[in-house]
Novice: 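First the structure, which I've put down as structure tokens, then a few questions once you've had a look.
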Amino acid sequence: MHPAEELASHLRPGRGWLEQLGEEFDKPYLVMLAEFLAAEEAAGKTLFPPRRFVFNALNSTPLENVSVVILGQDPYHGPGQAHGLSFSVRPYVPKPPSLLNIFKELQDDLAIKPPDHGCLQTWAEQGVLLLNTVLTVVQGQAGAHQGQGWEAFTDQVIELVNRERVGVVFILWGSHARKKGRNIDRNRHLVLEGPHPSPLSAYRGFFGSKPFSKANNWLEQKGSDQIDWSLPSKENLLGRYGKA
């Protein structure tokens with residue numbers, strides 16, 4: 001099996017994404033990306049997230065269900081953290097600083113107490129597309145796979161949501177995300193922009209921005225289901241998904 005075919009095999013059919021984006025895997029940029037990833041692994045490098053989770057954001061949130069997009073940059077590069085959802089970590093690993101700040105703003109915005117874990121899987125299953133710009137990274141090397149082709153693929157994902165859905169809330173934190181979302185049709189969608197939740201920038205306007213209530217207010221106005229931003233306990237989550 002060619003590396004591009006193997007990569008495509010992790011994108012589940014029936015979610016709308018493979019049906020719309022399947023031809024991307026035949027294009028030179030994605031063929032080269034798949035060969036690059038295979039070469040990285042053949043060289044003994046550890047890539048995150050594990051291959052089965054590379055398209056977790058798309059597999060967890062069918063195209064027809066997308067009501068919110070939260071755009072991240074690239075996966076966490078520490079062992080056991082990344083599982084294919086932007087800003088999210090597996091429930092049994094410590095919460096990274098940016099996620100801690102997201103939960104702090106969530107509490108200030110909607111009085112939702114921070115959970116005892118950092119897994120955002122239940123957001124994804126409600127229609128929150130937790131998309132990273134780049135979908136893989138090398139262990140211990142932040143940004144290692146930037147510029148290898150993932151950006152072009154995720155541009156297609158964003159354009160597909162922009163074109164096929166109406167009334168989506170795009171949450172763009174930081175200059176990188178804002179640039180990524182420059183072509184979103186703001187007559188069809190709500191775009192919420194603000195500083196990144198990183199400790200380096202959160203105090204420049206991320207705190208107090210109330211993105212969660214603003215998103216729900218917009219969805220209510222459009223007749224869409226609001227997002228339940230509260231998260232189940234770690235025990236409940238592990239009971240549903242295990243440690244995978």
Side-chain angles (χ1 to χ4, degrees), residues 56-58 60-73 85-89 91 95-133 157-158 161-162 164-234 236-237 240:
N56 191 22
L58 303 180
S60 297
T61 312
L63 174 60
E64 65 179 15
N65 292 351
V66 175
S67 58
V68 178
V69 177
I70 298 180
L71 189 61
Q73 192 160 348
L85 304 179
S86 62
F87 296 102
S88 180
V89 293
K95 290 171 275 190
S98 292
L99 187 56
L100 287 170
N101 284 340
I102 290 171
F103 287 152
K104 181 177 180 181
E105 177 60 21
L106 179 60
Q107 184 171 24
D108 290 343
D109 186 3
L110 293 175
I112 293 174
K113 183 180 178 181
D116 58 354
H117 62 88
C119 181
L120 307 180
Q121 184 71 39
T122 56
W123 288 3
E125 292 173 3
Q126 292 182 74
V128 181
L129 181 64
L130 295 164
L131 182 68
N132 279 317
T133 297
V157 173
I158 293 170
V161 175
N162 180 54
E164 298 293 328
R165 302 288 294 146
V166 178
V168 171
V169 181
F170 287 84
I171 299 177
L172 309 179
W173 289 324
S175 59
H176 184 87
R178 291 197 297 271
K179 290 176 183 176
K180 186 79 169 175
R182 62 186 176 272
N183 294 323
I184 296 167
D185 184 348
R186 300 181 187 221
N187 293 316
R188 290 165 59 89
H189 307 290
L190 176 65
V191 179
L192 300 177
E193 299 182 350
H196 195 277
S198 162
L200 297 175
S201 56
Y203 287 95
R204 299 175 188 165
F206 172 78
F207 289 133
S209 61
K210 301 188 181 300
F212 307 102
S213 59
K214 288 178 180 176
N216 274 353
N217 289 340
W218 167 269
L219 294 174
E220 183 179 31
Q221 291 172 17
K222 296 297 179 181
S224 301
D225 292 337
Q226 295 186 344
I227 303 300
D228 178 3
W229 296 104
S230 64
L231 292 165
S233 68
K234 181 193 296 185
N236 181 290
L237 202 65
R240 291 177 60 183

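These numbers come from a predicted model, not from an experiment.
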Novice: Please determine whether side-chain contact (heavy atoms from CB on, under 4.5 Å) holds for the pair Arg182 and Lys179, giving the CA-CA distance in whole Å, both sets of side-chain angles, and the decisive distance to 0.1 Å.
Specialist: CA-CA 5 Å; Arg182 62 186 176 272; Lys179 290 176 183 176; 4.2 Å; yes

Novice: Of all heavy-atom pairs between Glu105 and Lys210, which one has the smallest distance, and what is that distance?
Specialist: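 So the minimum-distance heavy-atom pair works out to OE2-N, 2.8 Å.
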
Novice: Taking side-chain hydrogen bond (donor to acceptor under 3.5 Å, both in side chains) as the definition, give me every residue that meets it alongside Ser213, ordered by chain and number, with sequence neighbours left out.
Specialist: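 In terms of side-chain hydrogen bond (donor to acceptor under 3.5 Å, both in side chains), with neighbours along the sequence ignored, Ser213 is linked to Asp109.
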
Novice: Please identify each residue that fulfils side-chain hydrogen bond (donor to acceptor under 3.5 Å, both in side chains) with Ser175, with sequence neighbours left out.
Specialist: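 Residues passing side-chain hydrogen bond (donor to acceptor under 3.5 Å, both in side chains) with Ser175: none at all.
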
Novice: With sequence neighbours left out, write down each residue that passes ring-ring contact (aromatic ring centres under 6.0 Å, His included) with Trp218, or none if nothing qualifies.
Specialist: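 For Trp218 there are no ring-ring contact (aromatic ring centres under 6.0 Å, His included) partners, ignoring immediate neighbours.
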
Novice: Where do Ile184 and Val168 land on the side-chain contact (heavy atoms from CB on, under 4.5 Å) test, with the steps shown first?
Specialist: CA-CA 10 Å; Ile184 296 167; Val168 171; over 6 Å; no

Novice: Using salt bridge (charged side-chain N to carboxylate O under 4.0 Å, His left out) as the criterion, list what pairs up with Glu193, not counting sequence neighbours.
Specialist: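 Scan of Glu193 (salt bridge (charged side-chain N to carboxylate O under 4.0 Å, His left out), adjacent residues dropped) gives Arg186.
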
Novice: Quick check: closest heavy atoms across Ser67 and Leu219, and the distance to 0.1 Å?
Specialist: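 For Ser67 and Leu219, the tightest heavy-atom pair comes out as O-CD2, 3.8 Å.
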
Novice: Only counting residues at least two apart or in another chain, list the ones meeting side chain to side chain contact (heavy atoms under 4.5 Å, CB included) with Arg204.
Specialist: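 With neighbours one apart ignored, the set is Pro195, Ser201.
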
Novice: Looking at residues at least two apart in the chain, or sitting in another chain, which of them share a side chain to side chain contact (heavy atoms under 4.5 Å, CB included) with Ala57?
Specialist: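 Partners of Ala57 by the side chain to side chain contact (heavy atoms under 4.5 Å, CB included) criterion, ordered by chain and then number, come out as Leu85, Leu129.
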
Novice: Could you list all the ring pair (Phe, Tyr, Trp, His ring centres under 6.0 Å) pairs where at least one residue sits in residues 177-199, not counting sequence neighbours?
Specialist: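 Sorted result for residues 177-199: Phe87-His196, Phe170-His189.
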
Novice: Determine whether Pro96 and Ser98 make a side-chain contact, defined as any pair of heavy atoms from C-beta on separated by less than 4.5 Å.
Specialist: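 Side chain of Pro96 against side chain of Ser98, heavy atoms only: no contact under 4.5 Å found.
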
Novice: So among Ile102, Val169, Ile227, which one has a side chain to side chain contact (heavy atoms under 4.5 Å, CB included) with Phe212?
Specialist: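 Option passing the side chain to side chain contact (heavy atoms under 4.5 Å, CB included) with Phe212: Ile102.
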
Novice: Are the side chain of Arg178 and the backbone of Trp173 linked by a donor-acceptor contact shorter than 3.5 Å?
Specialist: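 Not a single qualifying donor-acceptor pair exists.
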
Novice: What pair of heavy atoms forms the shortest contact from Leu190 to Lys214, and how long is it?
Specialist: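 Smallest interatomic distance, heavy atoms only, reads CD2-O, 4.2 Å.
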
Novice: Work out which heavy atom in Gly72 is nearest to a heavy atom in Ser86; give both atom names and the distance.
Specialist: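 Shortest heavy-atom contact: N-CB, 3.8 Å.
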
Novice: If you measure from CD on Glu64 to CD on Glu164, what distance do you get to the nearest 0.5 Å?
Specialist: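 CD of Glu164 is found 11.5 Å from CD of Glu64.
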
Novice: When rounded to the nearest 0.5 angstrom, what distance separates CD in Gln126 from CG in Asn65?
Specialist: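 Reported to 0.5 Å precision, the distance equals 11.0 Å.
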
Novice: Looking at Leu172 and Gly181, what are the two nearest heavy atoms and their distance?
Specialist: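 Taking every non-hydrogen atom into account, CD1-CA, 4.0 Å.
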
Novice: Identify, with sequence neighbours excluded, every residue that meets side chain to side chain contact (heavy atoms under 4.5 Å, CB included) alongside Asp116.
Specialist: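 Ser233, Lys234.
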
Novice: Which residues pass the side-chain hydrogen bond (donor to acceptor under 3.5 Å, both in side chains) test with Thr61, sequence neighbours left out?
Specialist: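 Scan of Thr61 (side-chain hydrogen bond (donor to acceptor under 3.5 Å, both in side chains), adjacent residues dropped) gives none.
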
Novice: Test side-chain contact (heavy atoms from CB on, under 4.5 Å) on Leu237 and Leu231 and set out the steps.
Specialist: CA-CA 9 Å; Leu237 202 65; Leu231 292 165; over 6 Å; no

Novice: Return the set of residues passing salt bridge (charged side-chain N to carboxylate O under 4.0 Å, His left out) with Lys95 (not counting sequence neighbours), or none when no residue passes.
Specialist: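 In terms of salt bridge (charged side-chain N to carboxylate O under 4.0 Å, His left out), with neighbours along the sequence ignored, Lys95 is linked to no residue.
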
Novice: Taking atom CG of Asn217 as the centre, does the number of heavy atoms from other residues, nucleotides or ligands within less than 6.0 Å exceed 12?
Specialist: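 Yes, the 6.0 Å shell around CG holds more than 12 heavy atoms from other groups.
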
Novice: Can you tell me which residue among Val191, Leu71, Val128, Leu192 is in a side chain to side chain contact (heavy atoms under 4.5 Å, CB included) with Ile171?
Specialist: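 The passing option is Leu192.
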
Novice: Not counting sequence neighbours, which residues clear side chain to side chain contact (heavy atoms under 4.5 Å, CB included) with Asn101? List them please.
Specialist: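 Partners of Asn101 by the side chain to side chain contact (heavy atoms under 4.5 Å, CB included) criterion, ordered by chain and then number, come out as Pro197, Pro199, Ala202, Phe206, Phe207.
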
Novice: CG of Leu58 to CG of Leu131: how many Å apart, nearest 0.5 Å?
Specialist: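 The distance works out to 6.5 Å.
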
Novice: Please round to the nearest 0.5 Å and tell me the distance separating atom OG of Ser224 and atom CG of Asn216.
Specialist: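 So the gap between those two atoms works out to 10.5 Å.
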
Novice: Suppose we screen for side-chain hydrogen bond (donor to acceptor under 3.5 Å, both in side chains). Which residues come up paired with Asp185, at least two apart in sequence or across chains?
Specialist: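 Asp185 satisfies side-chain hydrogen bond (donor to acceptor under 3.5 Å, both in side chains) with no residue once adjacent residues are dropped.
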
Novice: For the pair Thr122 and Asp228, evaluate side-chain contact (heavy atoms from CB on, under 4.5 Å) and give the outcome as yes or no after the intermediate values.
Specialist: CA-CA 9 Å; Thr122 56; Asp228 178 3; over 6 Å; no

